[in-house]
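Counting convention: from 1, in listed order, for ligands and their atoms alike. All residue numbers refer to positions in the sequence shown, counting from 1.
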Amino acid sequence: MPSIFVTRAIPGSGIKRLKNAGYRVTVYSKDQIITRKELLAGVKGKHGILCLLTDRIDAEVMEAAGPTLKIIANYAVGFDNVDLVEAKKRNIIVTNTPSDAVNDAVAEHTFALVLALAHRIPEGDVYAKAKKYQGWNPNLLIGTILKEKTIGIIGAGRIGASVAERAALGFGMRVLYSDRARNRDLENLTGATLVPLDRLLSASDVVSLHVPLLPATHHLISTEQFALMKKTAFLVNTARGPVVDEKALLRALKTRRIAGAALDVFECEPAIDCDLTDRLELKAFSNVILSPHIASATIEAREAMSKLAADNIHLVLSGKPPLTPAK
Ligand code: DGY
């Protein structure tokens, strides 16, 4: 039976499904990001790799696996960690794990961050736990309501559309979006308006990022874009860290160019210190919320990702097309 290398133990039924289907499955034994050396050794002679966004899967890895390798199943929606061009050259299929469960998880997490920023919840938590609360105070931690405010969705794919839906139908927000293509379903459902990026930035009270990481989206939000944003606006990034130029974000926060930011993803992941000084400064802002890349970390999303990755592997190794090819 074909053999599969899994780069880290994952939650959900995926590994069990593969084993039940008779595959020889090797799971990296440590609960940590696999080292390059261990990755190169682990994939040798395997037919499938089930990998994570923390693994760089490039020509060297494909070469190390050898000619048996038929599928790279990335346990994530984003697949910027996999060299698609190289995989295509070698006739290796690459898959990802989009699903309703992931959309819902990331959209809810995005909204948790938006609400936390607007209602200053982390600041209140720190304040109360520090025993500073002396009784109701009309001036304490005044936030802002979302109703009738404008959210700008950058990237109106499945996740961006799920965020827009919550914003419009759940919170009564106006929705602007920017994308390469018009999303008429989204417009009909939410009344969203497609606008150029510059207009979205200057008109939005909340800017939420939902684009994949590509050369064209690297540092999509930098000094020039912060300069267009309202001083009262919040930036939320649950997409990929390098979409935001974090040095420019830091400057925007220091000069109060924007009102706050919430980041679930970071520019130098998995490292937290691409610029140690700046990074530490970013952490020091009370109007910045950092969550450790957990937007899709729900039982439902992890199970859907796990099952889908396993099903894609099984289909490809049975000579059938996968359910969700990366494209
Ligand atoms: C993804 O799926 O791309 C997320 O970043 C992790 O689930």
Apply the test ring-ring contact (aromatic ring centres under 6.0 Å, His included) to residues F266 and H293: give CA-CA distance (whole Å), side-chain angles for both, the deciding distance (0.1 Å), then the verdict.
CA-CA 8 Å; F266 309 101; H293 206 153; 8.1 Å; no

Using a 4.0 Å heavy-atom threshold (strictly under), name the region of L53 that reaches ligand 1: side chain, backbone, both or neither.
side chain

May I ask you to identify, for S296, whether its side chain, its backbone, both or neither come under 4.0 Å of ligand 1 on a heavy-atom basis?
side chain

Does a sphere of radius 6.0 Å around NE2 in H109 hold more than 12 heavy atoms from other residues, nucleotides or ligands, not counting ones at 6.0 Å or beyond?
yes

Neighbour count >12 (heavy atoms, 6.0 Å) for atom CD1, I299
no

Could you pull out, from E269, H293, R302, the option with a heavy atom nearest to atom 4 (C) of ligand 1?
H293

Any nitrogen or oxygen of A239, side chain or backbone, less than 3.5 Å from one on ligand 1?
no

A76, any N or O under 3.5 Å of ligand 1 N or O:
no

Could you walk me through whether V6 and I15 pass the side-chain contact (heavy atoms from CB on, under 4.5 Å) test, one step at a time?
CA-CA 8 Å; V6 184; I15 293 173; 4.1 Å; yes

List ligand 1 atoms under 4.0 Å from G78, heavy atoms only on the residue side.
1 (C), 3 (O)

Proximal ligand 1 atoms for M305, defined as those under 4.0 Å from one of its heavy atoms
7 (O)

Going by the angle between their ring planes, with limits at 30° and 60°, are F111 and F171 parallel, tilted or perpendicular?
parallel

So, T324 versus N312: side-chain donor-acceptor pair below 3.5 Å or not?
yes

What protein heavy atom sits nearest atom 3 (O) of ligand 1, and how far off is it?
R240 NH2, 2.7 Å

To which protein heavy atom is atom 1 (C) of ligand 1 closest, and what is the distance rounded to 0.1 Å?
V77 N, 3.3 Å

Show which residues join I294 in its hydrophobic cluster (side-chain heavy-atom contacts under 4.5 Å, direct or indirect), or state none.
none

